[in-house]
Structure formats: C-alpha cells, structure tokens
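For reference, the structure is listed below as structure tokens.
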Number of protein chains: 2
Amino acid sequence: MSDISTISRRESGEDRRRSIALAARTLIAEKGLEGLRTRDIAQRVGINIATLHYHVPTKEALVALVAESLRDDFQAQAQRHPRTGKSGLEQLRLEFADFRETVTDTPEMIVVLPNLFERARRDPAIGAIVLPLYDYWRQQFTDIFTLGIADGSFRRNVDPAAAACIVTGALSDHWRGWTDFRASLDALIAELERAFIRNLTD
Amino acid sequence: MSDISTISRRESGEDRRRSIALAARTLIAEKGLEGLRTRDIAQRVGINIATLHYHVPTKEALVALVAESLRDDFQAQAQRHPRTGKSGLEQLRLEFADFRETVTDTPEMIVVLPNLFERARRDPAIGAIVLPLYDYWRQQFTDIFTLGIADGSFRRNVDPAAAACIVTGALSDHWRGWTDFRASLDALIAELERAFIRNLTD
DNA sequence: GTTTCTCAATCAAGTGATTGATTGATGACA
DNA sequence: TGTCATCAATCAATCACTTGATTGAGAAAC
C-alpha cells in the first residue's frame, strides 16, 4: 500500500538540474534557441519559475547547463566501443556504426548540438563546452585515416585531415535532415568507403 | 551644387523592403534569430518601428522576406557561369570555384542560411522558400557526377546521389567554420576530387 | 534548529504591434 | 502655375503583453 503522504516534490540539486537540462533540450529541439523560454522549461519539468532560478540562476547559465549535459552524453557514447588493434577500415566502420546508434538513440541531440555550435559564434562560454566535441570527433577520423594508410586499407594519397573533414561534413549534413533530397545512410556510408579505400590494383 | 531641400527620406516600398531585408540579414549574422529584434532592424535601416511595420506587417513576414532575399541572391549567383559542353570534372571544378566565390562575396549569407534551414524544421513557410535551394545545389552535383561517370572523368562505381551528398556536406561543413580544426579549402577540394576521379589504371 | 528547496506574487524592462497625426509625392483641374 | 485631393510613407506615443529575474514566506529534509 503506497503512502501518499510520503510523496515529495523535492529533488536533489543534481537531479533537478538534470531534469531541467533534459526539458530544455527537448524544447530547443522543438522551438530552437529563439523560442526557448524559462517559464516553458519550468512548466515542462513541473516546477515554479522561481524554483528553476534557484537551481539555475540565469538563462545564460541554463544554456551552458544544456551544453554540458550534451557534452557528457556525447562523451559517454564515444567510449562505448573500443577500437584497439583494429585496422583503419575496421575502425572507420565502427565509427559509422556509432554514428548510426547516436542518430537512433538520441535524435534530439542531433538537432540541439548544431544550434549550440551556431550560438558558439557569439558566446565563447558555450563554444568552450561544445566545440571540443567536434574537434574530438574529427580527430578520431584523422587518426583512423592515418592508420588506414599505414596498414594499407586506404589509398596512399589520402590526406587524413581533409578526409576527416569530408566524412564528418557528410555525416553531420546527413544527420541534420534539412531536406528529403539525400541518399540513404547506407548509400552514403558505402560511398564514403569507396571514396578512400585502396584500389585492389594499386 | 547640391540642393538640400530636394533630399527626401522616402523610399519606394520595394527599395525599403530591400533595405530592411539586408539589415535583418546582417543582424541575424551578428546575433542569430534568437537575438533578432524589430526595433534593432528599424534602427539599422534608419527608420521608425512603425515604418517597418508599415512595410513588413509582422516579424514572421520579416523572416520570410529575409528568406526570399537570400533565395534571390543565391539564384542570381547560381547563374553566373554556364556549364554547357564541359566534362564532369570540369563542371565539378567550376562548382568549387563558384563556392569559393560565394564564400568570399557574401559571407553573411553563409551564416544566415543555415539559421533559416534550422528554422525550416518548425516553419514550413520558410522551408518552402529556402529548402529548394539546397535541393537545387545538390541536384547540380548529382548531375555532374552522372555526366562525369558517362564521360570517364569519375570512377564507374560512384553513386551520383550519395557523392553529391558527400560534396555538399563537406562544403557546407567547411563554410560553417564552427571550429578551427579543419583542412584548408584547397586541401578539401583536392581530396574531394581524388575521392571520385577515375583511377588511371581503371 | 538549520539548511535546502519550493512557491505565489511581483518587478522592471523589453517586445511585437497599433493608433492617430503628419508629411511627401503625384496627378487632375482650373 | 497654383490648388486640391489622394495615396503612400513616416513618425511619436502608446498598448498589451512577455520575459528573465527577484522577494519573502513557507515546507521539507536532516
């Protein structure tokens, strides 16, 4: 038998801030940063506006909290599958699998992160939190291409840094889904592999 | 000798709306859509807020005006250099040259357009204006790859639609400039060519 | 008792938009 | 040429909220 009188509306600071960040992420995905309102967030969480300010003092701090929340999730996902000892091509394929998983598991991250990247142009504090994610992601591919050239997976004349930019650009463009005019993810990934793998007659 | 008494503050509706659109574009580039204020636009143009509403009745109509303004500029630029009679690879190179020119000539378009693409998720009216631009751009590359396969410029196993997505993704990612971790435009373009050109021993 | 958390009411400034008056430009007419 | 009517364009003042944030009191947890 549940005791209604023990139901509390309180959450620890950390839990509450997590709830706030998640609600804000959802709302940014729905309405963009331009439509983000502190009252809407409070309502979505189920708290009073003053409670929201108790936990997160300004709107600016709120956006930073969202950025940190996304950074932490992104980093948790990046550690899921170890890469040690695999060839360049194998690692490339694992990165593609990871990408597919991210798109499936956290679709809202896909929408919110670019909004924060855009905001980073004007807000160095946000940039300091999220831009390293992009750098890290790109560095992963650069390392994979360097390895793949050395192990014979990829063409010798591949420029690892430029190739990394091509791959991250193509994948992030795909994840944005602005337009229905796009190749399927399978076709895109297959073409990305063909673009760099070493020709058998080389 | 100039006659001061003939100086007027009036502009035709069309000229005024053009001024308003350009000011709004500049402000979106500076502050994002979330920081766009009708009074700021009016001030930037040098008119009263009521005058702005006289010409453009709502903020929503204003964003649509910006979208149309960008569409028109984009389309004007797309017609600059004819492509007829050139090989797939030559056309690809012309597209890259066009891209370079756009980035140089209208840097603010580079920032504003993606903001409108994002807004298009939530605002079908804006999407109807700007998303066809992306489709058109992508279709250009698809056609180029199709042609280039037929004329022997590109590998036979290139999937034109997927390759177009890769190129447009890589270029648009580059133009965004979120991070300093990127290849130079020259290196990116060179790698994009290597990704698709036909190997001499094929 | 102390600390943390929550709330309703409120504040001050900002925001998109409106109102009513005025000005400027143009064409018709005497 | 001068006058008048008309319409387009402009403005200051104002409206009706909206917005991020604050205040002071009370509740909950330890």
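Just so it is clear, the values below take in all heavy atoms, side chains as well, and ignore hydrogens, waters and symmetry mates.
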- Donor-acceptor pair present, B:Arg10 side chain and C:dA25 base, under 3.5 Å: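 When only heavy-atom distances are counted, B:Arg10 does not reach the base of C:dA25 through any donor-acceptor pair under 3.5 Å.
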- Message: Using whole Å, what does the distance between atom P of nucleotide C:dT4 and atom CG of A:Asp15 come to?
- Response: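 About 16 Å, once rounded to whole Å.
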- d(NZ, B:Lys59; P, D:dT18) in whole Å: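 After rounding, the reported distance stands at 15 Å.
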- Mind checking side-chain hydrogen bond (donor to acceptor under 3.5 Å, both in side chains) for B:Ser87 and listing every partner two or more places apart, or none if nothing turns up?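 side-chain hydrogen bond (donor to acceptor under 3.5 Å, both in side chains) check on B:Ser87 returns B:Glu90.
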- Please name all residues satisfying side-chain hydrogen bond (donor to acceptor under 3.5 Å, both in side chains) with A:Arg194, sequence neighbours left out, ordered by chain then number.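 If we apply the side-chain hydrogen bond (donor to acceptor under 3.5 Å, both in side chains) test to A:Arg194, skipping adjacent residues, the hits are A:Glu191.
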- Message: I need the residues from residues 115-126 of chain A with at least one non-hydrogen atom less than 4.0 Å from DNA chain C; give them sorted by number, or say none.
- Response: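 Within this stretch, nothing sits under 4.0 Å of the strand.
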- Are any of B:Arg16's side-chain N or O atoms less than 4.0 Å away from OP1 or OP2 of D:dT10?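 Yes, within the criterion.
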- Side-chain donor-acceptor pair under 3.5 Å between A:Asp135 and A:Gln139, yes or no?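 The answer is no; no qualifying pair exists.
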Between side-chain atoms of residues 37-45 of chain A and protein atoms elsewhere (two or more places apart, or another chain), which donor-acceptor pairs fall under 3.5 Å?
from	atom 1	to	atom 2	distance (Å)
A:Arg37	NH1	A:Glu34	O	3.2
A:Arg44	NH1	A:Glu30	OE2	3.2
A:Arg44	NH2	A:Glu30	OE1	3.2

- Item | DNA chain D contacts made by residues 28-56 of chain B, counting heavy atoms under 4.0 Å |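 When residues 28-56 of chain B is checked for heavy atoms under 4.0 Å from DNA chain D, the hits, listed by number, are B:Arg39, B:Ile47, B:Asn48, B:Ala50, B:Thr51, B:Tyr54, B:His55.
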- Evaluate side-chain hydrogen bond (donor to acceptor under 3.5 Å, both in side chains) for A:Ser184 paired with A:Asp186, printing each intermediate quantity in order. CA-CA 5 Å; A:Ser184 72; A:Asp186 288 337; 5.1 Å; no
- Message: Can you tell me which residue among A:Thr142, A:Ile144, A:Leu147 is in a side-chain contact (heavy atoms from CB on, under 4.5 Å) with A:Pro160?
- Response: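 The single option meeting the side-chain contact (heavy atoms from CB on, under 4.5 Å) with A:Pro160 is A:Thr142.
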- Just jot down the salt bridge (charged side-chain N to carboxylate O under 4.0 Å, His left out) partners of B:Arg93, sequence neighbours excluded, or say none.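 Salt bridge (charged side-chain N to carboxylate O under 4.0 Å, His left out) list for B:Arg93, sorted by chain: B:Glu193.
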- Task: Considering only NZ, NE, NH1 and NH2 on the basic side and carboxylate oxygens on the acidic side, decide whether B:Arg18 and B:Asp15 come within less than 4.0 Å.
- Result: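 The answer is no: the pair does not qualify as a salt bridge.
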